[in-house]
J.: 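Here it is, the structure in full.
Residue numbers start at 1 and run along the sequence shown.
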Amino acid sequence: MEYVYAALLLHASGKEINEENLKKVLEAAGVSADEARIKALVAALEGVNIDEVIEKAAMPVAAPVAVAAPQPAEEKVEEAEEEEEEEEEEREEEALAGLGALFG
């Protein structure tokens, strides 16, 4: 990924994306540059309109995501207590129904 980031950095600064510039950016970032990967990236980007690719890639990301508001801790505790009470009532009703069958 650092090779692609280096290419994007060169593009954003208006510099030509070539092997020499990529190598300089990578070395400045402390990355040992692999000549084969640099050549492959330069060849892959030849004739590519980077602005257009970025615009197309950014479109799905720009869609807003609906996020539920977090509930305060007190509400969560109250809900848990209510659920426990309901379960206990259900167990009592089941027990009473079983006793009614005995005395039928």
J.: How far does CG of Asp51 sit from NZ of Lys56, to the nearest 0.5 angstrom?
T.: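 Separation between the atoms: 12.5 Å.
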
J.: Could you check if a side-chain atom of Leu45 sits within less than 4.5 angstrom of a side-chain atom of His11, using non-hydrogen atoms only?
T.: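 Not touching, per the 4.5 Å side-chain cut-off.
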
J.: Is there a side-chain contact between Leu26 and Asp34 in this structure, where contact means two heavy atoms from C-beta onward sitting under 4.5 Å apart?
T.: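 Side chain of Leu26 against side chain of Asp34, heavy atoms only: no contact under 4.5 Å found.
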
J.: Between atom NZ of Lys15 and atom NZ of Lys24, what is the distance when rounded to the nearest 0.5 Å?
T.: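 Interatomic distance, Lys15 NZ to Lys24 NZ, rounded to 0.5 Å: 9.0 Å.
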
J.: So, using side chain to side chain donor-acceptor pair (under 3.5 Å) as the criterion, who are the partners of Lys23 when residues are at least two apart?
T.: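 Glu35.
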
J.: Evaluate the side chain to side chain contact (heavy atoms under 4.5 Å, CB included) criterion for residues Tyr3 and Leu22: first the C-alpha distance (whole Å), next the side-chain angles of each, then the deciding distance (0.1 Å), finally the verdict.
T.: CA-CA 7 Å; Tyr3 292 84; Leu22 276 172; 5.9 Å; no

J.: What residues, two or more places apart in sequence or in another chain, satisfy side chain to side chain donor-acceptor pair (under 3.5 Å) together with Glu90?
T.: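 For Glu90, no residue satisfies side chain to side chain donor-acceptor pair (under 3.5 Å) once neighbours in sequence are set aside.
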
J.: Quick one: side chain to side chain donor-acceptor pair (under 3.5 Å) partners of Lys39, sequence neighbours excluded?
T.: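 Partners of Lys39 by the side chain to side chain donor-acceptor pair (under 3.5 Å) criterion come out as none, since no residue qualifies.
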
J.: Could you please spell out the steps behind the side chain to side chain contact (heavy atoms under 4.5 Å, CB included) verdict for Ile54 and Ile50?
T.: CA-CA 6 Å; Ile54 291 172; Ile50 295 175; 3.7 Å; yes

J.: Which heavy-atom pair separates Val4 from Leu41 by the least distance, and what is that distance?
T.: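 Heavy-atom minimum between the residues: N-CD2, 4.1 Å.
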
J.: Report the distance from atom CD of Glu46 to atom CG of Asn18, rounding to the nearest 0.5 Å.
T.: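 Rounded to the nearest 0.5 Å, the CD-CG separation comes out at 11.5 Å.
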
J.: What are the two closest heavy atoms between Glu2 and Val31, and how far apart are they?
T.: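 Shortest heavy-atom contact: CG-CG1, 4.0 Å.
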
J.: Within the structure provided, determine whether Glu16 and Leu10 are in side-chain contact (heavy-atom separation under 4.5 Å).
T.: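 When only atoms from C-beta onward are counted, Leu10 and Glu16 do not touch, as no gap falls below 4.5 Å.
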
J.: Compare every heavy atom of Ile17 with every heavy atom of Ala7, then report the nearest pair and how far apart it is.
T.: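 Scanning both residues, the minimum pair turns out to be O-CD1, 3.5 Å.
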
